[in-house]
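Here's the structure, in structure tokens; my notes come after.
Both counts, for ligands and for their atoms, begin at 1 and track the order of listing.
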Amino acid sequence: MIYDEEFETLPHEALEALQLKRLRQVVQRVYHNVGFYKKAFDKAGVSPDNLNTIEDLKRFPMTTKQDLRDNYPFGLFAAPMSNIVRLHASSGTTGASTVVGYTRQDIETWAELMGRCFVAAGLTKNDIIHNAYGYGLFTGGLGAHYGAEKIGASVVPISGGNTKRQVMILQDFGPTAICCTPSYALNLAEQGTAMGVDMRKLALRVGIFGAEPWTEKMRDEIEKALSIKAFNIYGLSEIMGPGVAMECDEVRDGMHIFEDHFLVETIDPKTGETLPAGSEGELVFTTLTKEAFPLIRYRTRDICRIDPTPCRCGRTHRRMGRVLGRSDDMLIIRGVNVFPSQIEAVLIGIEGLEPHYQLIVDREGSLDTLEVQVELSEKQFAGADEIKTLQKLENRLRKDMKDYLGITAKIKLVEPKTIQRSEGKISRVVDKRNL
Ligand code: ADP
Ligand code: ZN
């Protein structure tokens, strides 16, 4: 099912023409309304009149998270406060939070795009959506909320946390879909099971998970634990919030980026150079329709690959692959670059281990070291007096990490339920190097 048949299936040329038209408008808007952009464009020797093709955008300077911080809180707004109806702030996973604003039209667009996401997952007005994304300054809760109402579904605004109560509501209200972070979905499944509830027998059939990196193996775990079909959704508060890109029900291989609203480029995070279609690199977004807080060439620091091949579902918007992680989450262990999500992919496949883990990075002399702490399953733990079996498991994980990722790590198998569970966005890495 497609929410907005016309715009989601626009033929390539029509889409590009629309993008160019909107691009010229937004560049004019920021040039005339935001001092920061006027200065930056003048300094780079470009003006809105230089935009004759989409390619011309490459001559414009990029915007970074630091620019947002330097202009904290409202310095980059392109609309007067009297036209701004909502403020949000990023969750501050990495450093100080950044503030974003929305006009009434921006909220409307956001609701439409989240509506597209729900419909792409096969939801309709007959569904009940359990929305366990955090409500508040974080964009997840309210973003999903408005989208759910947009398609006429019944939304349960449960927000994050208070997990026992969530399990009760899942039983009593019978929601058919759930939205939350993937790590919280696992936590819910686990706590529900511990309460004696068969979490596979609930009415849930669809889960929409995002806001943090996860893997295909994690998808399998969640689908099994809750007996649902799990979808990946992507967004970031700077660009809008959730609903920038979403998987479709037909394929679930890559998330369609809503290209009529967001122009995407991939760059080499080191050199800033634009990469050819299909290469792995950092995503850079330009918002095409936002009024209050437009961003030109915003560097997300999210590393992934864009798949330009057509999709069976009929949508013409290109798909982004799974986000490996943020460039600033990347660990460099003795010269080898690795993302936490790659480590997750290795350890989830191993029988006897649970998908709950933590990575501890430290420094010995001038070398970075990595310790992987991972939980044993209850079953494995019960039979753990067999030291040999545990050693085997440890060796297996150590070897797989070496074989697949090329890194040497210290492995520590820990007792079930000892690693902290997620209530929202989870943090997998403990970095002791700067302490
Ligand atoms: P913060 O930057 O404080 O975490 P946001 O809530 O705006 O604030 O988080 C957006 C970030 O979350 C994205 O830039 C990306 O790194 C991550 N993210 C969002 N959705 C996904 C997803 N489906 N897969 C991987 N990472 C995601
Ligand atoms: Zn598709």
Side-chain angles (χ1 to χ4, degrees), residues 1-3 8-9 64-65 68-69 88-100 116-117 119-122 133-134 136-144 160 179-183 185 207-216 218-219 222 230-259 262 264 269 282-285 293 295 298-305 307-330 339-342 344 424-428:
M1 278 184 305
I2 298 185
Y3 176 91
E8 291 184 73
T9 65
T64 63
K65 186 105 176 168
L68 269 52
R69 292 198 178 122
H88 278 288
S90 81
S91 46
T93 317
T94 55
S97 72
T98 48
V99 181
V100 296
R116 287 186 189 181
C117 296
V119 170
Y133 280 121
L137 280 179
F138 175 56
T139 50
L142 283 167
C179 307
C180 59
T181 58
S183 58
I208 296 173
F209 306 115
E212 66 191 17
W214 54 313
T215 55
E216 282 306 311
M218 179 77 101
R219 169 154 32 207
I222 297 172
F231 290 80
N232 196 6
I233 184 169
Y234 171 85
L236 63 165
S237 34
E238 296 92 312
I239 296 305
M240 181 175 79
V244 172
M246 172 72 187
E247 285 181 337
C248 60
D249 192 29
E250 289 79 357
V251 177
R252 287 195 302 156
D253 180 13
M255 298 173 273
H256 290 283
I257 301 168
F258 298 126
E259 291 188 281
F262 311 106
V264 63
E282 177 180 345
L283 294 184
V284 171
F285 282 104
F293 189 66
L295 281 174
Y298 180 65
R299 291 188 60 160
T300 62
R301 300 177 297 174
D302 289 331
I303 305 294
C304 85
R305 181 179 281 128
D307 179 359
T309 60
C311 184
R312 272 209 312 273
C313 71
R315 289 177 183 80
T316 49
H317 300 168
R318 288 175 300 164
R319 286 170 287 161
M320 58 183 272
R322 277 192 182 277
V323 176
L324 276 174
R326 304 187 187 201
S327 52
D328 40 9
D329 277 352
M330 192 177 70
F339 284 103
S341 61
Q342 292 174 296
E344 174 179 309
K425 267 183 197 261
I426 198 162
S427 169
R428 305 279 192 193

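Residue contacts with ligand 1, taken as heavy atom pairs separated by less than 4.0 Å, do not involve T139 at all. Using a 4.0 Å cut-off between heavy atoms, A211 contacts ligand 1 through its backbone alone, with no side-chain atom that close. Residue-level proximity to ligand 1 for D302 is carried by the side chain, the only part with a heavy atom below 4.0 angstrom. The proximity of E212 to ligand 1, defined as any non-hydrogen pair under 4.0 Å, is limited to the backbone.
Every atom of ligand 1 is numbered from 1 in the order shown, and the set under 4.0 Å from a heavy atom of V323 is 25 (C), 26 (N). Within the listing of ligand 1, atoms 4 (O), 5 (P), 6 (O), 9 (O), 10 (C), 11 (C), 12 (O) sit less than 4.0 angstrom from a heavy atom of K425. When each atom of ligand 1 is checked for a heavy atom of N232 under 4.0 Å away, the hits are 22 (C), 23 (N).
For the residue pair T215 and E344, a side-chain donor N or O sits within less than 3.5 Å of a side-chain acceptor on the partner.
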Step by step, work out the side-chain contact (heavy atoms from CB on, under 4.5 Å) result for K425 and F138.
CA-CA 11 Å; K425 267 183 197 261; F138 175 56; 3.9 Å; yes
For D329 and I303, what are the C-alpha separation, side-chain angles and deciding distance, and is it a side-chain contact (heavy atoms from CB on, under 4.5 Å)?
CA-CA 10 Å; D329 277 352; I303 305 294; over 6 Å; no
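Where the criterion is an N or O separation shorter than 3.5 Å, residue side chain and backbone included, F138 fails it with respect to ligand 1. Considering backbone and side-chain atoms alike, S237 places an N or O below 3.5 Å from some N or O of ligand 1. Residue R326 has at least one N or O atom closer than 3.5 Å to an N or O atom of ligand 1.
No donor-acceptor pair under 3.5 Å is formed between the side chain of Y3 and the backbone N or O of E8. Under a 3.5 Å cut-off, the side chain of T9 and the backbone N or O of G314 do not form any donor-acceptor pair.
Here atom 10 (C) of ligand 1 lies nearest to L236 when heavy atoms of V100, L236, D328 are compared.
Closest of all the heavy-atom pairs between M240 and V244 is CE-N, 4.1 Å.
Evaluated for a side chain to side chain contact (heavy atoms under 4.5 Å, CB included) with H88, the options T139, V99, T98 yield exactly one hit, T139. Each of R315, R219, R252 was checked for a salt bridge (Lys or Arg N to Asp or Glu O under 4.0 Å) with E247, and the lone residue meeting it is R219.
Take the Zn ion (ligand 2) as the corner point: the lines to SG of C311 and to NE2 of H256 open at 110°, to the nearest 10 degrees.
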